[in-house]
Protein chains: 2
Amino acid sequence: MSTNRSTSDLTAHLGYWLRYVSNHVSQAFARKVEAHGVTVAEWVLMRQLLDVDALPPSRLAERMGMTRGAITKLADRLLAKSLLTRKPDPVDGRAQTLALTAKGRRLVPELAALADANDSEFFDHLAPKDRAALVRILRDIVEKRGLKSLPVD
Amino acid sequence: MSTNRSTSDLTAHLGYWLRYVSNHVSQAFARKVEAHGVTVAEWVLMRQLLDVDALPPSRLAERMGMTRGAITKLADRLLAKSLLTRKPDPVDGRAQTLALTAKGRRLVPELAALADANDSEFFDHLAPKDRAALVRILRDIVEKRGLKSLPVD
DNA sequence: TATTGTTATACTCTATAACTATA
DNA sequence: TATAGTTATAGAGTATAACAATA
């Protein structure tokens, strides 16, 4: 945005609107998944594991754009809820392997349904064209700006 | 999004992309303003006060979509940095009045410049049409979904 | 009684840095 | 030495609920 802009014209910042809307959408989603005993961050981690069976914390950290320490903490909580398993890698003695438990795998579709519902709540009123544009533009930013690793790829 | 969607098709969630991009944009902005000793939330609060001179915590809470307690905490920090003043309302003995100090008012344009720079970094590569569409769509969601009060307006 | 603001408490999210075990 | 992971610590960002002062 290299357009001329007065100091007080603050709502012109795209980052501002993005944050504002995103916070509301995420908070609404958080309230929904809370009923299932998980947080949004925990859901994102679980989701990463659905397609791949198992991943080491380091790979999850890359994918989610977080530190390994943060992953450990998230994993600890999911472990305590019996949604995740943590096993030593048989090959590399330093590495660990995180995978969903059966309970975790069962929970994912339920949470996905909540994500669907949340999306509907906030985006269904948009014209299909706008909805498509929004996804396209966001993905474009991720790609072009090289945001830390693509989430699911 | 009432489109048919398989459970594993997770990146189809708009809320997901929104959160992902927004988090990156905000984190980058946070690193920039940090050099000036403030956080993003503090900046948003300061910004609210630029145009209006003074507001009670309750009004700020409405505008920012936060609780009064959260505002108190933010204000405490800005007070400690001499960027804000807190004075009892002369009319209503219960009310307080928050306003920027001269130092605070001086800081706002500097932070606004950083917001500009951050926007540029993430959105300048977009086609002008897409950039406009993004703002329009986001504002539309805020309006139509009635997200807690419009931020500045 | 209702409202304004503050305080107390508690979590989540996340980072940085130190540390352990292994490679 | 370098890497994988964990742990310790800390602070931001919030929320809820209890409380004090005033209306």
Side-chain angles (χ1 to χ4, degrees), chain A residues 19-20 22-34 36-46 54-81 84-98 148, chain B residues 19-20 22-24 26-34 36-46 54-81 84-99 148:
Chain A
R19 177 173 177 276
Y20 194 77
S22 172
N23 283 174
H24 280 282
V25 175
S26 282
Q27 273 175 39
F29 184 51
R31 279 192 293 274
K32 290 185 178 74
V33 294
E34 193 185 4
H36 291 258
V38 297
T39 66
V40 177
E42 287 164 10
W43 150 248
V44 172
L45 194 160
M46 290 179 71
L55 281 178
S58 50
R59 295 272 304 133
L60 276 168
E62 283 167 27
R63 282 173 172 240
M64 296 175 61
M66 296 167 66
T67 60
R68 284 169 296 154
I71 297 294
T72 296
K73 208 166 161 186
L74 271 179
D76 283 347
R77 285 213 307 267
L78 288 168
L79 224 43
K81 296 171 190 166
L84 201 73
T85 58
R86 175 152 55 196
K87 293 179 190 162
D89 182 309
V91 177
D92 186 335
R94 299 168 300 181
Q96 295 286 324
T97 288
L98 300 177
K148 313 182 191 169
Chain B
R19 178 174 176 275
Y20 194 77
S22 172
N23 282 176
H24 279 283
S26 282
Q27 272 175 40
F29 185 50
R31 279 192 293 276
K32 289 185 179 74
V33 295
E34 192 185 4
H36 291 259
V38 297
T39 67
V40 178
E42 287 164 9
W43 150 246
V44 173
L45 195 161
M46 291 180 70
L55 282 178
S58 50
R59 294 273 303 132
L60 277 167
E62 283 167 25
R63 283 175 172 238
M64 295 174 62
M66 296 167 63
T67 60
R68 285 169 296 154
I71 298 294
T72 296
K73 208 169 159 182
L74 270 180
D76 283 346
R77 286 213 307 267
L78 288 167
L79 225 42
K81 294 171 191 167
L84 203 72
T85 58
R86 175 154 51 196
K87 294 179 189 159
D89 182 310
V91 177
D92 186 334
R94 298 169 300 182
Q96 295 286 323
T97 289
L98 300 177
K148 313 182 192 166

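Hydrogens, waters and symmetry mates play no part in the numbers below; they use all other heavy atoms, side chains included. Residue numbers begin at 1 in each chain, while the letters A, B, ... track the order of the sequences. Everything numeric here is computed off the predicted structure, so don't read it as measured data.
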Practice item. May I ask you to say whether B:E34 pairs ionically with B:R31, meaning some side-chain N is under 4.0 Å from a carboxylate O? Key: no

Point to revise | Minimum-distance nucleotide to B:R77 side chain [options: D:dA15, D:dA12, D:dT22] | key: D:dA12

Study note, to complete from the structure: Out of D:dG13, D:dG5, C:dT14, minimum distance to the side chain of A:Q96 belongs to D:dG5

Exercise for review: Could you please name the option among C:dG5, C:dC13, D:dT7 that lies closest to any side-chain atom of A:D76?
Suggested key: D:dT7

Exercise for review: List the atom of B:L98, the atom of B:A75, and the distance in Å for their closest heavy-atom pair.
Suggested key: CD1-CB, 4.1 Å

Check your understanding: Is the shortest heavy-atom distance from the side chain of B:L84 to the side chain of B:L79 under 4.5 Å?
Key -> yes

Review point. Given that B:G69 and B:L74 both sit by DNA chain D, which one's nearest nucleotide is further toward the 5' end?
Key: B:L74

Review point. So which nucleotide from D:dT14, D:dT6, C:dA15 ends up closest to the side chain of A:R19?
Key: D:dT14

Point to revise | Out of C:dC13, D:dT14, D:dG5, whichever nucleotide has its closest atom nearest the side chain of B:K73 | key: D:dT14

Point to revise | Nucleotide nearest B:R94 (side chain, heavy atoms from C-beta), chosen from C:dA2, D:dG5, D:dG13 | key: C:dA2

Study note, to complete from the structure: By nearest-nucleotide position on DNA chain C, the 5'-leaning member of A:V91 and B:A95 is B:A95

Exercise for review: Measure from the side-chain heavy atoms of B:P57 and tell me the nearest of D:dT14, D:dT16, C:dT6.
Suggested key: C:dT6

Check your understanding: Considering only side-chain heavy atoms of B:D92, which listed nucleotide, D:dA15, C:dC13, D:dA23, is closest?
Key -> D:dA23

Point to revise | Out of D:dA15, D:dG13, C:dT4, whichever nucleotide has its closest atom nearest the side chain of B:T67 | key: D:dA15

Exercise for review: Without swapping roles, check the side chain of A:K81 against the backbone of A:G37 for a donor-acceptor pair under 3.5 Å.
Suggested key: yes

Review point. Of all the nucleotides listed (C:dT6, C:dC13, D:dT7), which has the minimum atom distance to the side chain of B:R68?
Key: C:dT6

